[in-house]
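One structure below.
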Amino acid sequence: MKVLGINAIYHDPAAALVVDGQVVAAAEEERFSRRKHGKRPLPWSAWELPELAAAWCLREAGIRPEELDAVAYSFDPALMGTPEESGLFDDGDVMRKKYAEMAPEFLAHALPGLDPARVRFVKHHVAHAASAGLAAPGHAGRRDNAVLVLDGRGEAHSHLAGRYVDGQLEVLAGQALPHSLGLMYEDLTDHLGFLRSSDEFKVMAMASYGKPRFLGDLTELIRATDDGGFRTEEIDYSEFAPRLGKGEQWTSDHADLAASVQTRLEEVLVDLARWVHEQTGEKTLTLAGGTALNCVANTRILAESPFEQVWVQPAAGDAGTALGAALHVARELGEETQPMPGAALGRGWSDEEIEQVLVTAAIDYERPDDVAEAVAEVLADNGIVAWFQGRSEYGPRALGHRSLMAHPGFEANLERMNDVKGREQFRPVAPMVLLEKAPEIFSRGPIPSPYMLFVHDVAPEWKTRIPTVTHVDGTARIQTIDADAQPLVHRMISAFERRTGIPVVVNTSLNTAGRPMVDDPRDALECFGSAPVDLLAIGPFVVRRPKATPRPA
């Protein structure tokens, strides 16, 4: 059975392919088009499809469009009411609904040979749920789990609570619009001068610099209800801090507002998790939806809810609904689906293909005996390394395939890395740590933590040893590196530890501000050429900058 999943209606268009129950490919359109998030979530962009990502998924598996058994589209226009019925009064929804209804014809045009009758609509939050509940690994051989979905909006809801039993979803609750924790957080993002449906993670970072002194004022405005849902009343954020324009300097009031809303979001999410546990009694909670990318909230859910495990879809935002829709339809067609094998589901290149790109670029390169050792040497000397290895990641996190790396032991390296990327200085960078060494350095969050979706407390004796990756609140958003899952990265960090005594390296995504993560070798060369990076490690090859970049002590 061959099922192609498509996300297109709002933002982060993506495609995913499930063949005989196995996830074989998944990628976001932005990695091909080089347009951040693929498109903006505007009504007149709803017709745009992830044509490049979909075509690549099919090529990767050697499948022609006419051979597909189904195409799963992660939005069902039949479930969408009028702008008045949603309570959002967004006239653009009329256009969105019309374009979604025409998706089968659009897809048949984009993928010649596809029978439009093979396109199936999947409820948006069901697609999110499947991306978590069906894609998560089992625990103790058992894959049943509770599931919680929270985002800005779907057709008529902003939330789903349920459980998976033997691969079947039982929906227990759903919050109708206009109440939406995701839209509430988007409004705050916009108020603080950032780009909504894009920069919400910046608000989470800013919150660490503030105190939640407005929390009491928000308690009744943002609250859980006893039926598994919640209420988000209209909030005039200007009562707490003045609106910021793009690039304007924020103050302590803005940080305190961010901290207050962030804290209230965490509290409500914990309440919702407790409710779904009361209904299901499951040991494992799986999370999806854009709100599930809030790693601070995820850690509180794990710490304060009764669940023993919390698993978050690494592509928790709308991109992940392409995968979820494909898994859901494969199940409907009688397929026994398998968990996703990891996040490295995108494009990859052979050594020969990479070398041909380097030759064509007429650039000096070398092939060291061991690229891991060559990188560790540069990092130990406080150089910055661009790391391009294997298949690209599905989702917004760099997870050891398309990364910028540095030494974590120099406080000045945080400013240095943000300068390299051209972004705000309050933004943190993350640590990659050897799995076996993680428990002595990090606590509170789960270990293993392979997808960088939780925060962990940094042990007091390590805060001065790894200041680059220790956030202002004493936490870090870690990625643990398992030798079996990522042997090359593990070998590189081990080589760095032999030189420095530190089993941690700085990891941030291989891109510059406003650009999608690097995806192919040409992207990597362009990024290396435009940013002050000392070494590009691309496959087994390295490209060195002729003159070392300034290295603060």
Side-chain angles (χ1 to χ4, degrees), residues 135-141 284 286-287 295 298-299 302-303 307-315 339-345 370-373 375-376 379-380 385 387 389-395 397-409 428-463 465-466 468-471 474-509 537:
H139 294 277
T284 300
T286 61
L287 296 175
C295 54
N298 294 342
T299 296
L302 176 62
F307 288 102
E308 296 177 14
Q309 295 103 13
V310 175
W311 188 86
V312 185
Q313 164 58 240
M340 63 187 291
L345 297 169
D370 185 350
V371 70
E373 291 286 346
V375 166
L379 291 175
V385 173
W387 177 266
Q389 302 292 337
R391 295 179 68 172
S392 61
E393 300 92 339
Y394 183 46
R397 308 285 194 239
L399 299 171
H401 299 267
R402 306 288 186 270
S403 293
L404 274 171
M405 301 185 300
H407 195 307
V429 290
M432 287 198 297
V433 56
L434 299 178
L435 173 60
E436 61 271 24
K437 298 298 179 67
E440 68 186 70
I441 307 172
F442 303 105
S443 62
R444 191 163 61 99
I447 295 174
S449 185
Y451 298 130
M452 207 186 296
L453 287 164
F454 298 85
V455 294
H456 295 66
D457 293 330
V458 181
E461 64 272 22
W462 278 91
K463 290 179 181 178
R465 295 189 66 185
I466 53 172
T468 311
V469 295
T470 301
H471 198 31
T475 67
R477 187 182 66 194
I478 78 170
Q479 179 195 1
T480 54
I481 300 298
D482 186 327
D484 293 331
Q486 291 188 275
L488 179 61
V489 181
H490 192 279
R491 195 165 74 247
M492 179 270 295
I493 300 176
S494 297
F496 178 77
E497 183 187 22
R498 288 199 306 273
R499 291 167 168 83
T500 64
I502 300 174
V504 175
V505 299
V506 175
N507 173 38
T508 187
S509 55

Would you confirm whether Arg402, through its side chain, and Gly390, through its main-chain N or O, come within 3.5 Å as a donor-acceptor pair?
yes
Between the CG atom in Leu399 and the NE2 atom in His401, the distance rounded to the nearest 0.5 Å is 6.5 Å
Nearest-0.5 Å distance, CD of residue Gln479 to CZ of residue Arg397:
11.0 Å
For a quick test of reading the model, state the closest non-hydrogen atom pair linking Asp370 to Ala372 and the distance between them.
OD1-N, 2.9 Å
For the pair Glu393 (side chain) and Gly395 (backbone), establish whether a donor and an acceptor sit closer than 3.5 Å, ignoring hydrogens and angles.
no
Can you check whether His407 reaches Thr468 side chain to side chain, under 4.5 Å on heavy atoms?
no
Less than 4.5 Å apart, any side-chain heavy atom of Met432 and any of Val506?
no
Is it true that a side-chain atom of Arg477 and a backbone atom of Phe454 form a donor plus acceptor pair closer than 3.5 Å?
no
Does Thr500 reach the main-chain N or O of Phe496 with its side chain, forming a donor-acceptor pair under 3.5 Å?
yes
List the atom of Met452, the atom of Ala430, and the distance in Å for their closest heavy-atom pair.
SD-CB, 3.6 Å
Within a strict 4.5 Å, meaning less than it, do heavy atoms of the Val504 and Ile441 side chains meet?
yes
Among all residues two or more places apart in sequence or in another chain, which pass the side-chain hydrogen bond (donor to acceptor under 3.5 Å, both in side chains) test with Asp482?
none
Under 3.5 Å donor-acceptor, Arg499 side chain and Ala495 backbone
yes
Using a 3.5 Å distance criterion without hydrogens, assess whether the side chain of His456 forms a donor-acceptor pair with backbone atoms of Ser443.
no
Using every non-hydrogen atom in the two residues, find where Val458 and Thr475 come nearest and quote the distance to one decimal.
CG2-C, 3.9 Å
Inter-residue atom distance Thr286.OG1 - Phe307.CZ, 0.5 Å rounding:
9.0 Å
Donor on one side chain, acceptor on other, Ser403 and Asn507, under 3.5 Å
yes
Taking the side chain as every heavy atom from C-beta outward, state whether Val310 and Pro446 have any atom pair closer than 4.5 Å.
no
Quick one: CD1 on Ile502 to CG on Leu379, what's the gap to the nearest 0.5 Å?
11.5 Å
Of the non-hydrogen atoms in Pro503 and Trp462, which two are nearest, and what is the gap between them?
CD-CH2, 3.7 Å
Is it the case that the side chain of Ser449 and the backbone of Thr480 share a donor-acceptor pair, with hydrogens and angles ignored and the cut-off at 3.5 Å?
no
Taking every non-hydrogen atom, the tightest pair across Gln389 and Ala537:
NE2-O, 3.3 Å
Between His490 and Leu434, is there a side-chain heavy-atom distance shorter than 4.5 Å?
yes
For Tyr451, what residues pass the ring-ring contact (aromatic ring centres under 6.0 Å, His included) criterion, not counting sequence neighbours?
none
In the structure I gave you, are the side-chain heavy atoms of Leu404 and Trp387 within less than 4.5 Å of one another anywhere?
no
Set of side-chain hydrogen bond (donor to acceptor under 3.5 Å, both in side chains) partners for Thr299, sequence neighbours left out:
none
For residues Ile481 and Leu435, determine if any side-chain heavy atom of one lies less than 4.5 Å from a side-chain heavy atom of the other.
no
Please report the interatomic distance CZ(Arg498) to CD(Glu373), rounded to the nearest 0.5 Å.
4.5 Å
Rounding to 0.5 Å, atoms CH2 (Trp311) and CG (Leu302) come to a distance of 15.0 Å
Which is it for Val433 and Val505 under the side chain to side chain contact (heavy atoms under 4.5 Å, CB included) test, yes or no, and what are the steps along the way?
CA-CA 7 Å; Val433 56; Val505 299; over 6 Å; no
Is the shortest distance from a Lys or Arg side-chain nitrogen in Glu497 or Lys437 to a carboxylate oxygen in the other one below 4.0 Å?
yes
Side chains of Pro314 and Met340: closer than 4.5 Å at any heavy-atom pair?
yes
